[in-house]
Amino acid sequence: MNADEFRRRGKEMVDYVADYLEGIEARQVYPDVEPGYLRPLIPPTAPQEPDTFEDIINDVEKIIMPGVTHWHSPYFFAYFPTASSYPAMLADMLCGAIGCIGFSWAASPACTELETVMMDWLGRMLQLPEAFLAGEAGEGGGVIQGSASEATLVALLAARTKVTRRLQTTSPGLTQAAVMEKLVAYASDQAHSSVERAGLIGGVKLKAIPSDGKFALRASALQEALERDKAAGLIPFFFAVLYQFPVHSTVLRSYKYTQKFIFFFFTVVATLGTTSCCSFDNLLEVGPVCHKEGVWLHVDAAYAGSAFICPEFRHLLDGVEFADSFNFNPHKWLLVNFDCSAMWVKKRTDLTGAFKLDPVYLKHSHQDSGLITDYRHWQLPLGRRFRSLKMWFVFRLYGVTGLQAYIRKHVQLSHEFEFLVRQDPRFEICAEVTLGLVCFRLKGPNSRNEALLERINSARKIHLVPCHLRDQFVLRFAICSRTVESAHVRLAWEHIRGLAAELLGAEKE
Ligand SMILES: *Cc1c(COP(=O)(O)O)cnc(C)c1O
């Protein structure tokens, strides 16, 4: 493909994309295919001689689209939204064209510098405490990670390194393995599964703290867990070490020196906007406990974070000043297409100190000047795309007021759905509706709700996923699409009511 053909095909592709998104409502939101549907439709090997562009485009409709779940359909109410906007798509084209790998400042200065400034812009939109911003010479700063899962893992690994080094300074001879064995991280029982995975990958215990009646993590529950682990950790643990490593007297001695550190709580992950029901951990309570105990506090607001650009929702972020790291996904609800997960730390050296390696082929002449950022030290991979372009395009073309209006519209639609559900005495609302998610169910047994969801998803008109809240099976209705309107929400509700009536009728027979 040469430049002339690229121009022509590029314009065709833009038309195809615009047609797809404009016409998406007419497509069935969830595909009919069975696992393995695709392999028989395409050859077993790549073509020896080139195919034509027309061949490929025809196959998109024939082979790909029948197996696509249309996340941007206004009848898609599953999971959480994934962002989509035209400015972000155009910026991603430019990102592909520049095609740089911005692992260090020198590897592409604009890629690094725009990211630092965009993360400050976004931090100011949320009114994050100044300590999280890079500014001209701040100690904090933001970085774009690929996902909230990576952000949690990076925070956990940085916290692990920090506490290990601290303990090794106070008691030389204490091995990393000995520390690792005793590290405990905490999160609420409502935390996303990615937090538990971070614990598994990071090789540390992760304890789930019971949330309260509103599915929030409270200080009392956290404090209780800390006290219990402290009490349990002291003596039994000491004997455990004695039993397992009888010959390692240095280890033993260092443990004696550091008895007060025999239990190492090192990190708490608090969630603002949990995945099941969008509940909020009480940061103003949990924050001071972490502060007092010297525990790293990571705040995961993957979905809800976008709403904090609206002054009326900003109070949900109160207490973030106690956090060491904070993360949310503009790629969920802020119109910046996947992948764009925004992470801030108060002390950038916590990250760069934990993961820094400087092989000679990656060195450059400015790196020790203190003026520049080498983002490779802030993340797991080396390579990174020019993702801040998407933020720059979206923030400039929508403006803060445009973004706020978008959030408000979604919140209003979820309250509209909540209102409709509350009018029907056969149904109940299962958790407080704060942002764009409504958790609801038919009154009665879980089996009834499982059957309802089965009917909803096999009818293929709308798409929902369930969750468990305590022992209840609950349906989640998330406002997702950029183009969803009140009419779609009302149609969805009428459809659900119709299926519920059929189900309850069939139960009676
Ligand atoms: C969606 C979500 C995640 C996972 O986000 P990824 O970016 O896909 O890793 C983590 N935590 C919460 C609270 C979420 O809502």
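Note that the numbering runs from 1 along the sequence shown for the chain. Excluded from the calculations below are hydrogen atoms, water molecules and symmetry mates; all remaining heavy atoms, backbone and side chain alike, are included. Source: prediction; values computed, not measured. In listed order, ligands and their atoms are each counted from 1.
Of all heavy-atom pairs spanning Val474 and Cys439, the tightest one is CG1-CB, 3.6 Å. When all heavy atoms are compared, the tightest approach of Gly383 to Ile101 is CA-CG2, 3.4 Å.
Close approach of ligand 1 to Asn329 (heavy-atom distance below 4.0 Å) involves ligand atoms 5 (O), 6 (P), 7 (O). Near Phe80, meaning under 4.0 Å from one of its heavy atoms, ligand 1 places the atoms 15 (O). Using a 4.0 Å cut-off to heavy atoms of Thr271, the atoms of ligand 1 that qualify are 13 (C). Heavy-atom proximity to Ser194, at under 4.0 Å, picks out these atoms of ligand 1: 10 (C). Listed by number with element, the atoms of ligand 1 under 4.0 angstrom from any heavy atom of Thr275 are 12 (C), 13 (C), 14 (C), 15 (O).
Here's the thing with Ala302: none of its N/O atoms is less than 3.5 angstrom from an N/O atom of ligand 1.
Ligand 1 lies within reach of Gly273, whose nearest heavy atom is under 4.0 Å from it. Ligand 1 has at least one atom lying under 4.0 Å from a heavy atom of His331. Contact between Thr274 and ligand 1 is absent, with no heavy atom of the residue lying under 4.0 Å from the ligand.
Given atom 9 (O) of ligand 1, the protein heavy atom at minimum distance is Ser149 OG, 2.5 Å. The protein heavy atom nearest to atom 8 (O) of ligand 1 is Ser147 CB, 4.3 Å. With hydrogens left out, the protein atom closest to atom 11 (N) of ligand 1 is Asp300 OD2, 2.7 Å, a heavy atom. For atom 6 (P) of ligand 1, the closest non-hydrogen atom of the protein is Ala148 N, 3.5 Å. With hydrogens left out, the protein atom closest to atom 15 (O) of ligand 1 is Lys332 NZ, 2.9 Å, a heavy atom. Among protein heavy atoms, atom 4 (C) of ligand 1 sits closest to His192 CE1, 3.5 Å.
Each of Phe427, Phe77, Phe419, Phe477 was checked for a ring pair (Phe, Tyr, Trp, His ring centres under 6.0 Å) with Trp493, and the lone residue meeting it is Phe427. Partner of Ser325 under the side chain to side chain contact (heavy atoms under 4.5 Å, CB included) criterion, out of Phe132, Trp296, Trp344: Trp296 alone.
Looking at Ser486 and Glu416, their side chains do bring a donor and an acceptor atom within 3.5 Å of each other.
Here His70 and Phe76 keep their ring centres 6.0 angstrom or further from each other. Aromatic rings of Tyr75 and His463 (six-membered ring for Trp) have centroids beyond the 6.0 Å cut-off, not under it.
At least one donor-acceptor pair under 3.5 Å links the side chain of Lys390 to the backbone N or O of Asp339. At distances below 3.5 Å, not a single donor-acceptor pair connects side-chain atoms of Asp350 with backbone N or O atoms of Ala158.
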